[in-house]
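Positions are given from 1, in the same order as the sequence printed here.
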Amino acid sequence: MSERMLRVNSILRHVLAEEIERLSDARLEMVTVTGVDTSPDLRHAMVYIDVLGDSGPALDALGRAARRLQARLGAQVTMKYTPRLEFAVDPGVVIGDRIENLLKELRKDEEE
């Protein structure tokens with residue numbers, strides 16, 4: 001990935017994290033923006049999140065707030081296009097949680 005795209009993704013992650021924190025939806029209290037992957041044409045951005053607990057309600061709330069977040073992003077960041085936002089649970093976090101659970105099970109089996 002180019003240096004420019006890394007910088008764009010970092011800026012978008014920072015701005016979105018702040019804006020999500022400002023939303024008054026209780027389903028978004030434990031949401032962390034872990035990364036953003038913007039398409040090269042800057043028209044789409046996949047926003048990866050981590051949620052403490054069930055991610056379903058948080059993803060629903062973010063989907064409903066996507067246009068508002070996109071508008072706030074457009075007001076704060078000067079870009080040729082303001083990307084359309086999509087939200088997903090960070091696959092790295094999901095895999096990490098699975099590995100951690102497997103290790104806990106192995107330790108538990110060894111202790112028995």
**Request:** Assess whether side chain to side chain donor-acceptor pair (under 3.5 Å) is satisfied between Glu18 and Gln76, documenting all intermediate values.
**Result:** CA-CA 11 Å; Glu18 287 182 350; Gln76 292 185 36; 5.7 Å; no
Following the transitive rule for hydrophobic clusters with a side-chain heavy-atom cut-off under 4.5 Å over Ile, Leu, Val, Met, Phe, Trp and Tyr, establish whether [X] and [Y] coincide in one cluster.
| X | Y | result |
| --- | --- | --- |
| Ile20 | Tyr48 | no |
| Leu59 | Met46 | no |
| Met30 | Leu69 | no |
| Ile11 | Phe87 | yes |

Are [X] and [Y] side-chain neighbours, meaning at least one heavy-atom pair lies under 4.5 Å?
| X | Y | value |
| --- | --- | --- |
| Pro83 | Leu73 | yes |
| Met5 | Leu42 | yes |
| Leu62 | Val47 | no |
| Arg68 | Leu23 | yes |

**Request:** Verify side chain to side chain donor-acceptor pair (under 3.5 Å) between Asn9 and Thr38, making sure each step is shown before the conclusion.
**Result:** CA-CA 6 Å; Asn9 289 339; Thr38 309; 2.6 Å; yes
**Fill in**
Heavy atoms of Val33 and Ala17 approach each other most closely as CG2-CA, 3.9 Å
**Request:** Measure across Arg27 and Ala58 and return the closest heavy-atom pair with its distance rounded to 0.1 Å.
**Result:**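 Looking at all heavy atoms of both residues, the shortest contact is O-CB, 3.7 Å.
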**Asked** Measuring from Met79:CE to Arg43:CZ, what's the distance to the nearest 0.5 Å?
**Response** 11.0 Å
**Prompt:** Looking at OG of Ser39 and CZ of Arg84, how far apart are the two atoms once the value is rounded to the nearest 0.5 Å?
**Reply:**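 Ser39 OG to Arg84 CZ: 11.5 Å, rounded to 0.5 Å.
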**Request:** Just do the salt bridge (Lys or Arg N to Asp or Glu O under 4.0 Å) check on Glu105 and Lys108 with the steps written out, would you?
**Result:** CA-CA 5 Å; Glu105 286 179 27; Lys108 184 178 174 183; over 6 Å; no
**Asked** Do any N or O atoms from the side chain of Thr82 and from the backbone of Gln70 form a donor-acceptor pair under 3.5 angstrom?
**Response** no
I'd like a table of donor-acceptor pairs (distance under 3.5 Å, sequence neighbours excluded) in which one partner is a side-chain atom from residues 89-101, with atom names and distances.
{"residue": "Asp90", "atom": "OD1", "partner": "Gly92", "partner atom": "N", "Å": "2.9"}
{"residue": "Asp90", "atom": "OD2", "partner": "Thr34", "partner atom": "OG1", "Å": "2.7"}
{"residue": "Asn101", "atom": "ND2", "partner": "Asp97", "partner atom": "O", "Å": "3.3"}

